[in-house]
Amino acid sequence: MTSIATQHLTDHVHNARSDARSRAALTSPFMPYRPAATSPFIPADVDPAALTWAETVAPGGYTHRVLARGTRIRFEDPTGSACAHLLLFNAVALGERLNTADTVKIPWQAYLGTDHPLLSGDGRVLATIAADTSGHHDAFCGTTTDPATRQKYGASAAEGPTPSGRSRFLLAAAKHGLDARDLPPSVSLFQGVRIDGDGALRFVGSAGAGTHVDLIAEMPVLILVANVPHPLDPSPDYAVGPLRIHAWRGDPTGPDDERFARTPELTRAYLNTIDYAQAQGL
């Protein structure tokens, strides 16, 4: 008869080491791919050698990354049920961060889409939406809170089966020395909201499976991502799908790009960004 002792693989440091190493080749449907070129989901139009980040974020999961200026980041919704809540920070000075009010005010457009800038409160562009096949996004509602998540699903803890977006952002923020007071309202990709004539918020949901959104990092950015249900999602279930991310080296928006001079306000924001980047040697 096999004893418990012989089944126990970690009762000695050598056994523990062997046990740990035996798990090195295990994979998960939800994981970062390192090196990034080993991702099984590399988009057809992306050179694997240029990739600097590749990850599949689990339903209810989160991720975070510091990215260089000019990096292009593609978010993909393979099932039509992802909801990517995003926060952006200036990676050089974390006090500069996404300002959703300016993001909808400066471009004179409340609905996110291609060429829409994601602005900081300092009048600079943290990132630009360079491509969008979804069109179902939200810059009004932010992410889910602990109280609302507990009320709807019964629990909101980050380590539980129904984490709130806020709890996920807090974990990501802590990795970079940030806490609750550093987290502004976020924007959401792949689950849309529209404003009715009477001012009411109307949830329009997903555009369907297989859509993607590309961002260009106009400055070195810290990006926090929480993949959790939208606050207005009417489903009684904690329904959210996987989120795929690929990022690769590229160029920031410059004077030769059409979006640069689309409006006087955008030109000023991009000029502010370029001036900052040049002064910092970025």
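For reference, positions follow the sequence shown, starting with 1.
The main-chain N or O of Ala82 is found under 3.5 Å from a side-chain atom of Gln191 such that the two form a donor-acceptor pair. In this structure, Ser120 contributes its side chain and Leu126 its backbone to no donor-acceptor pair below 3.5 Å. No donor-acceptor pair closer than 3.5 Å links the side chain of His137 to the backbone N or O of Gly192. Side chain of His136 to backbone of Gly205: a donor-acceptor contact under 3.5 angstrom is found. Looking only at distances, no side-chain donor or acceptor of Lys152 sits under 3.5 Å from a matching main-chain atom of Pro231. Proximity of a side-chain donor or acceptor of Glu218 to a complementary backbone N or O of Thr253 within less than 3.5 Å is detected. Counting only distance, with no hydrogens or angles, the side chain of Asp237 and the backbone of Ala239 share no donor-acceptor pair below 3.5 Å. A donor-acceptor pair under 3.5 Å links the side-chain atoms of Asp233 to the main chain of Ser235, judged by distance alone.
Expressed to the nearest 0.5 Å, how far OG1 of Thr63 lies from CZ of Arg168 amounts to 11.0 Å. In this structure, Thr263 OG1 and Arg268 CZ are separated by 8.5 Å, a value rounded to the nearest 0.5 Å. Atom CG of Leu189 sits about 10.5 Å away from atom CG of Asn227, to the nearest 0.5 Å. Atoms NE2 and OH, on His246 and Tyr33 in that order, are 7.0 Å from each other to the nearest 0.5 Å. The distance from atom OG1 of Thr211 to atom CG of Asp132, rounded to the nearest 0.5 Å, is 8.0 Å. The line from CZ of Arg97 to CG of Leu222 is 10.0 Å long, rounded to the nearest 0.5 Å.
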Could you go step by step and tell me if Leu86 and Leu98 meet the side-chain contact (heavy atoms from CB on, under 4.5 Å) rule? CA-CA 9 Å; Leu86 306 182; Leu98 179 68; 5.9 Å; no
Between Ile216 and Arg259, is a side-chain contact (heavy atoms from CB on, under 4.5 Å) present by the stated rule, with each step listed? CA-CA 12 Å; Ile216 295 175; Arg259 72 176 70 92; 4.0 Å; yes
Please report the C-alpha distance between Val57 and Phe30 in whole Å, then the side-chain angles of each, then the deciding distance to 0.1 Å, and finally whether the side-chain contact (heavy atoms from CB on, under 4.5 Å) criterion is met. CA-CA 5 Å; Val57 184; Phe30 315 115; over 6 Å; no
Start with the C-alpha gap between Ile73 and Leu67, add the side-chain angles, then the distance that decides, and say whether side-chain contact (heavy atoms from CB on, under 4.5 Å) holds. CA-CA 9 Å; Ile73 313 111; Leu67 298 168; 3.6 Å; yes
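In the hydrophobic clustering, where aliphatic and aromatic side chains (Ile, Leu, Val, Met, Phe, Trp, Tyr) are joined below 4.5 Å either directly or transitively, Val46 groups with Ile42, Leu51, Trp248. Its side chain within the 4.5 Å cluster rule, Leu201 clusters with Tyr111, Phe140, Val193, Ile195, Phe203, Leu232 among the Ile, Leu, Val, Met, Phe, Trp and Tyr residues. The hydrophobic cluster around Tyr62 extends to Leu171, counting ILVMFWY residues whose side-chain heavy atoms fall within less than 4.5 Å of a member. Val228 belongs to a hydrophobic cluster with Tyr153, Tyr238, Val240, counting contacts under 4.5 Å between side-chain heavy atoms of Ile, Leu, Val, Met, Phe, Trp and Tyr, direct or through other members.
Judged as a salt bridge (charged side-chain N to carboxylate O under 4.0 Å, His left out), and not counting sequence neighbours, Glu159 has no contacts. Contacts of Asp146 classified as salt bridge (charged side-chain N to carboxylate O under 4.0 Å, His left out), with partners at least two apart in sequence or in another chain: none. In this structure, Lys175 has no salt bridge (charged side-chain N to carboxylate O under 4.0 Å, His left out) partners at least two apart in sequence or on a different chain. With sequence neighbours left out, Asp196 forms a salt bridge (charged side-chain N to carboxylate O under 4.0 Å, His left out) with Arg202. Pro185 meets the side chain to side chain contact (heavy atoms under 4.5 Å, CB included) test with Thr100; sequence neighbours excluded.
Under the 4.5 Å side-chain criterion, counting only non-hydrogen atoms from C-beta, Arg65 is not in contact with Glu55. Between Thr56 and Leu243, every side-chain heavy-atom pair lies at or beyond the 4.5 Å cut-off. Within the 4.5 Å cutoff, no side-chain heavy atoms of Ser134 are placed close to those of Asp77. With a 4.5 Å cut-off on side-chain heavy atoms, Pro163 and Thr149 do not count as touching. A 4.5 Å side-chain heavy-atom check between Ile223 and Trp53 finds at least one atom pair inside the cut-off. At least one side-chain heavy atom of His116 sits under 4.5 Å from a side-chain heavy atom of Thr103. Lys105 places none of its side-chain heavy atoms less than 4.5 Å from the side chain of Glu265.
Environment of CZ in Arg194: crowded, with over 12 heavy atoms of neighbouring residues, nucleotides or ligands closer than 6.0 Å.
Smallest separation of non-hydrogen atoms from Ser186 and Thr143: OG-N, 3.4 Å. Shown here for His230 and Asp138, the closest heavy-atom pair between the two residues is NE2-OD2, 2.8 Å. Across all non-hydrogen atoms, the minimal contact from Ala269 to Leu119 is CB-CD2, 3.8 Å. The minimum heavy-atom distance between Ala54 and Ser39, with the atom names listed, is CB-CB, 3.7 Å. What you find for Cys83 and Ser188 is that their closest heavy atoms are SG-CB, 4.2 Å. Across all their heavy atoms, Pro220 and Val92 have their closest contact at CG-CG2, 4.1 Å.
Put simply, Ile129 and Leu266 are part of two different groups of oily side chains (I, L, V, M, F, W, Y) that touch within less than 4.5 Å, one to the next. By the rule that hydrophobic residues join a cluster once side-chain heavy atoms approach within less than 4.5 Å of another member, Ile106 and Leu271 end up as members of one cluster. Under the 4.5 Å side-chain heavy-atom criterion for ILVMFWY residues, a single connected hydrophobic cluster contains both Val125 and Phe260.
Listed by first and then second residue, the ring-ring contact (aromatic ring centres under 6.0 Å, His included) pairs that reach into residues 63-89 are His64-His176, sequence neighbours excluded. Legend: salt bridge (charged side-chain N to carboxylate O under 4.0 Å, His left out) pairs involving residues 83-92, not counting sequence neighbours: none detected. Under the side-chain hydrogen bond (donor to acceptor under 3.5 Å, both in side chains) criterion, the residue pairs touching residues 269-278 are Asn90-Tyr276, Thr128-Tyr270, with sequence neighbours excluded.
Checking Arg166 against Thr145 by side-chain atom types alone, no donor-acceptor pair falls below 3.5 Å.
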